[in-house]
Amino acid sequence: MSRTRVRTLLVEDNPDDAAFVREALAGADPADFQLKHVDRLAAAGTLLEAESFDVILLDLGLPDAHDLQALLRIRRLCPETPVVVLTGNSDPAVGVDAVAHGAQDYLYKGDVSSRSLERVLRYALQRQQMLIQLQRANDLLDQNNKRLAQLYETAHQFVDNVSHEFRTPLTVIKEYVTLIRDGLVGHVSTQQRGFLDVASDRVDDLTIMVDDMLDVSKLEAGLLRVWRRASRLDRIVDHVRPALERKAAIRKVLLEITLDDGLPEVYCDGEKIGRVITNLVTNAIKFSGELSFIRLWARHDAEAGEVHVGVSDNGPGIDPDNLQLIFERFHQVQGATRNSTKGFGLGLGIAKELVALNLGQIDVESQPGQGATFSFSVPIFEPRELVARYLSRLNHLESPGTAALLTAELPGGVLASPSKACLSDLADELIQGLFRGDDLVVQCEPDRWVVVARCPERRTDAIVDRVRGGWNDATRNMPGTKLSAIGLDVKGVWAVQTQSEQLIERFRAELPSPACTACRGEDPR
């Protein structure tokens with residue numbers, strides 16, 4: 001560091017100590033330091049209003065300010081000027097306390113020498129300059145972060161708006177193409193019907209892209225609603241089967257669907273799992289080419305407590321170097337077999353995230369020239385095991401944090417009747433929508449839910465206020481449904497990494513024995 005003249009203010013009431021400090025600085029180099037001395041804090045304040053100093057040497061035992069009072073008052077007068085405390089107390093705790101209250105350093109008077117005093121003063125100056133630079137950098141970073149947050153929100157809003165605006169014309173195009181193709185507005189030849197099928201298929205592709213963009217936006221904003229419940233996989237598949245078979249026929253691809261008999265109920269959001277199946281089959285059709293063979297299959301893995309769903313094709317396969325990248329957003333495998341149907345490279349990335357939201361995992365097996373199999377898992381509906389799977393997923397996050405266990409109940413008897421099944425579904429959808437997608441919500445009785453919710457900083461009051469307020473808003477205009485009240489009870493908060501077993505035991509204790517008896521609707525998904 002180049003030597004510059006350091007303007008130094010000494011605040012010291014003891015003349016001998018002041019003279020000693022002056023001699024020590026003179027011994028360092030008289031040209032390096034310009035020293036001014038006052039013996040009272042009031043005099044220091046007056047001088048600091050008139051002049052600026054590079055560093056202040058402050059005695060803590062002044063007549064008009066005792067101990068840390070002097071330091072605190074000096075820091076208020078000139079917060080950016082480094083202060084070095086001089087103390088006659090050899091206890092290190094005194095100096096540490098002074099540093100904790102804003103001093104850059106401290107020096108025991110018995111250790112003062114030319115070398116030690118010069119070193120402490122220069123280091124204090126360097127540290128203060130670094131702190132000022134760091135504060136300025138932090139201020140700039142905060143400004144940039146706020147600007148980025150605004151741009152991020154604007155981008156999300158733009159994607160949402162554009163995506164929603166796309167939906168209306170796409171729906172109209174689809175309807176008119178269907179009307180013409182079905183001959184409802186006049187005779188259509190076989191060739192024309194084929195062309196219209198292709199147009200309808202391309203509209204479906206664009207609709208999938210729009211859905212993908214919306215899902216990406218909502219996933220990143222943490223706003224994607226998830227409605228996980230007991231579901232039958234065959235009904236989920238039946239819901240998407242017509243569109244998949246139509247797409248396969250248009251592309252001249254043979255699609256076979258084989259689901260094992262007696263598959264158990266799974267715990268998932270049926271609409272989201274249907275999206276995953278659609279994306280995987282569509283992806284296989286797109287890259288396999290005409291006259292290829294694709295098989296959609298499902299089998300029960302009792303040992304793992306899950307159902308595996310897969311899509312196998314006899315297409316060109318995937319290079320091993322791409323297997324680790326294929327689920328990344330905006331990544332598309334390049335190759336000669338790629339046809340004219342293009343997308344944004346979002347489908348597989350979104351499929352992976354939707355599977356994770358449903359407490360499963362997705363995988364791919366492939367060899368170049370030997371086709372590919374994409375498969376994913378869905379947990380079976382075993383409420384007592386779901387919490388362990390859920391917490392395992394949280395533990396793989398960078399910061400699992402803490403989780404709260406809550407119960408939600410509606411007034412007794414409101415949903416007890418079998419005729420209230422639809423009302424029970426409505427209540428379940430409302431309650432799950434009020435929690436976040438990365439919370440676990442299980443309907444264990446028609447009018448009772450057990451919830452494990454991520455709880456940053458153990459703020460259970462924030463969760464309760466958000467859910468209760470959202471419930472009141474949602475049911476305010478539904479007086480006839482008798483869903484006007486909800487009871488929320490916080491059972492406790494646990495650290496996910498170290499207290500998972502206790503949380504699992506408490507969760508299971510809140511469930512009916514021996515198994516859940518949730519009212520299950522007849523939604524095909």
Side-chain angles (χ1 to χ4, degrees), residues 1 3-4 6-29 32-49 51-139 141-142 399 457-458 495:
M1 177 179 176
R3 291 178 176 267
T4 57
V6 180
R7 292 165 299 174
T8 307
L9 173 62
L10 172 63
V11 187
E12 170 64 69
D13 67 312
N14 188 310
D16 294 335
D17 289 340
F20 187 71
V21 168
R22 189 182 299 277
E23 290 175 6
L25 286 179
D29 189 335
D32 281 351
F33 294 93
Q34 179 184 8
L35 183 67
K36 287 196 175 182
H37 169 231
V38 294
D39 60 0
R40 296 291 189 274
L41 187 64
T46 301
L47 189 58
L48 287 169
E49 290 178 357
E51 300 183 37
S52 62
F53 290 86
D54 298 316
V55 65
I56 299 171
L57 274 169
L58 177 66
D59 178 28
L60 290 183
L62 298 172
D64 55 346
H66 297 287
D67 299 327
L68 293 177
Q69 293 179 5
L71 174 61
L72 295 176
R73 287 166 64 180
I74 285 289
R75 296 300 298 155
R76 284 195 294 270
L77 284 171
C78 42
E80 293 192 356
T81 303
V83 179
V84 175
V85 165
L86 287 173
T87 175
N89 191 332
S90 60
D91 185 357
V94 175
V96 171
D97 198 22
V99 171
H101 285 80
Q104 275 293 350
D105 208 338
Y106 70 95
L107 193 60
Y108 172 52
K109 291 182 179 180
D111 294 334
V112 172
S113 66
S114 295
R115 179 174 296 181
S116 66
L117 187 56
E118 181 181 13
R119 175 182 57 79
V120 167
L121 292 177
R122 291 197 179 279
Y123 284 1
L125 281 168
Q126 287 180 342
R127 283 193 293 270
Q128 185 67 17
Q129 290 169 359
M130 292 173 63
L131 284 174
I132 293 173
Q133 293 172 359
L134 180 61
Q135 184 59 52
R136 290 172 180 169
N138 285 338
D139 292 342
L141 183 61
D142 286 342
S399 301
E457 300 179 359
R458 300 178 177 266

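By convention here, the first residue in the shown sequence is residue 1.
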Exercise. Thinking salt bridges, do E51 and K36 make one under a 4.0 Å N-O criterion?
Worked result: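 Salt bridge flag = yes for K36 with E51.
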Problem set entry | Stepwise side chain to side chain contact (heavy atoms under 4.5 Å, CB included) test for I74 and I56 | CA-CA 9 Å; I74 285 289; I56 299 171; 3.9 Å; yes
Kindly give the heavy-atom pair with the smallest separation between [X] and [Y], and that separation in Å.
X   : Y   : result
A44 : V11 : CB-CG2, 3.8 Å
V38 : A43 : CB-CB, 3.9 Å
C78 : L48 : SG-CD1, 3.9 Å
L41 : A65 : CD2-CB, 3.5 Å
L62 : D59 : CG-O, 3.5 Å

Under a 3.5 Å distance rule, please check whether [X] uses its side chain to pair with a backbone N or O of [Y] as donor and acceptor.
X   : Y    : result
R75 : T81  : yes
D54 : R7   : yes
D17 : K109 : no

Exercise. Among all residues two or more places apart in sequence or in another chain, which pass the salt bridge (charged side-chain N to carboxylate O under 4.0 Å, His left out) test with R458?
Worked result: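 For R458 there are no salt bridge (charged side-chain N to carboxylate O under 4.0 Å, His left out) partners, ignoring immediate neighbours.
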Problem set entry | Qualifying residues under side chain to side chain contact (heavy atoms under 4.5 Å, CB included), relative to R22, sequence neighbours excluded |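 L35, H37.
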For this session: Report the residues that fulfil side chain to side chain contact (heavy atoms under 4.5 Å, CB included) with V55, sequence neighbours left out, ordered by chain and then residue number.
Result: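 Scan of V55 (side chain to side chain contact (heavy atoms under 4.5 Å, CB included), adjacent residues dropped) gives V6, T8, P82, V84, L121, L125.
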For this session: For side chain to side chain contact (heavy atoms under 4.5 Å, CB included), just list the numbers for F53 and L47, CA-CA rounded to whole Å, side-chain angles, deciding distance to a tenth of an Å, and then say yes or no.
Result: CA-CA 10 Å; F53 290 86; L47 189 58; 3.7 Å; yes
For this session: Determine, step by step, whether L57 and E12 satisfy the side chain to side chain contact (heavy atoms under 4.5 Å, CB included) criterion, reporting the C-alpha distance in whole Å, the side-chain angles of both residues, the deciding distance to 0.1 Å, and the verdict.
Result: CA-CA 8 Å; L57 274 169; E12 170 64 69; over 6 Å; no
Within-4.5 Å side-chain heavy-atom neighbours: [X] and [Y]:
X   : Y    : answer
R40 : D13  : yes
P92 : Y108 : no
D97 : L68  : yes

Exercise. Applying the side-chain contact (heavy atoms from CB on, under 4.5 Å) test to L86, which of L58, V21, L60 qualifies?
Worked result: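 Testing L86 for a side-chain contact (heavy atoms from CB on, under 4.5 Å) against L58, V21, L60 leaves exactly one candidate, V21.
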Exercise. At what distance, to the nearest 0.5 angstrom, does CG of L134 lie from CZ of R127?
Worked result: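 The CG atom of L134 sits 14.5 Å away from the CZ atom of R127.
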